[in-house]
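Notes follow once the structure below has been shown.
So you know, we letter chains A, B, ... as the sequences are listed, proteins then strands, and number each from 1. Any value given below was found using the heavy atoms of this structure, including those in side chains, with hydrogens, waters and symmetry copies removed.
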Amino acid sequence: MTKPTRITNSIRALRFAHGEMTQARLAEHVGVTRQTIIAIEQGRYSPSLEMAFQIARVFKVPLDEVFAYPDGA
Amino acid sequence: MSYEEKGTWVYLAACLGGYGVYLAVILGRLASTPAVQVPYITVLLWTTGASIVASIAGRVLIETASPSGRRRSDIRDREIYRFGEHASRWFIVAGAGAALLMAMARWDYFWIANVIYLGFVLWAVAGSALKLFAYHRGLSPAR
């Protein structure tokens, strides 16, 4: 059975901070569908470590500025 | 909706439609003919073939009407595919197991063929339904 991820992310805020980058544009950079970016933003999909690094690289920030794993999770 | 999700919807509809037609024809024949004399092979092959054709044609039509931004699957599509196939495989096992027991008990070919066909249909339907569930409700590695 599927489980929602407990990993939180700041992708939406980072997109707006980077010239209001669209989900489609971010998806192109990472090499996934726009639906996958939407699913990650909404916490419905936990990306692989490699994809997480790719997303952080697009925004030129460290990984933990994009993704966080809350204490007690 | 991604290209792969659209394809899953089309595949589910084609499977249900094909099996629905098969059931309607066979149940109609069963009303007037004993099961062991019901001609089912031609109907089974035609409905299976029609489902495959409908699945391909449906996908082409939907892409023509509403093109997807990207037509290649990504890692999430592939993970969802594997999840659906893995979780629904028990219907194949159950169908094969039931067919084996029925053959040992010398049931007629009609019932054995139909329980195998049902196993395939349930596998396809359950797999598609689980994939669509994962597309909408989420998918993440088990904690």
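Interatomic distance, R44(A) CZ to R76(B) CZ, rounded to the nearest 0.5 Å: 6.0 Å. Atom-to-atom distance recorded for T36(A):OG1 and D77(B):CG is 5.5 Å, nearest 0.5 angstrom. If you take CD on Q35(A) and OG on S68(B), they are separated by 7.5 Å, rounding to the nearest 0.5 Å.
Other residues, nucleotides and ligands contribute at most 12 non-hydrogen atoms within 6.0 Å of the CZ atom of R12(A). For CZ of F53(A), the number of neighbouring non-hydrogen atoms (other residues, nucleotides, ligands) closer than 6.0 Å is 12 at most. F120(B) CZ: 12 or fewer foreign heavy atoms inside a 6.0 Å radius. Taking a 6.0 Å sphere around NE2 of H86(B), one finds it holds 12 or fewer heavy atoms contributed by other residues, nucleotides or ligands. Taking a 6.0 Å sphere around CZ of R78(B), one finds it holds more than 12 heavy atoms contributed by other residues, nucleotides or ligands.
Between D74(B) and G31(A), the closest heavy-atom pair is CB-O, 4.4 Å. T33(A) and R72(B) make their closest contact through CG2-O, 4.2 Å (heavy atoms, listed as atom of the first residue, atom of the second, distance).
Annotation: side chain of Y45(A) is in contact with side chain of E79(B) (closest heavy-atom distance under 4.5 Å).
Transitive grouping of hydrophobic side chains (ILVMFWY, heavy atoms separated by less than 4.5 Å) keeps L101(B) and V115(B) in distinct clusters.
For Y3(B), no part lies near chain A; criterion is any non-hydrogen pair under 4.5 Å.
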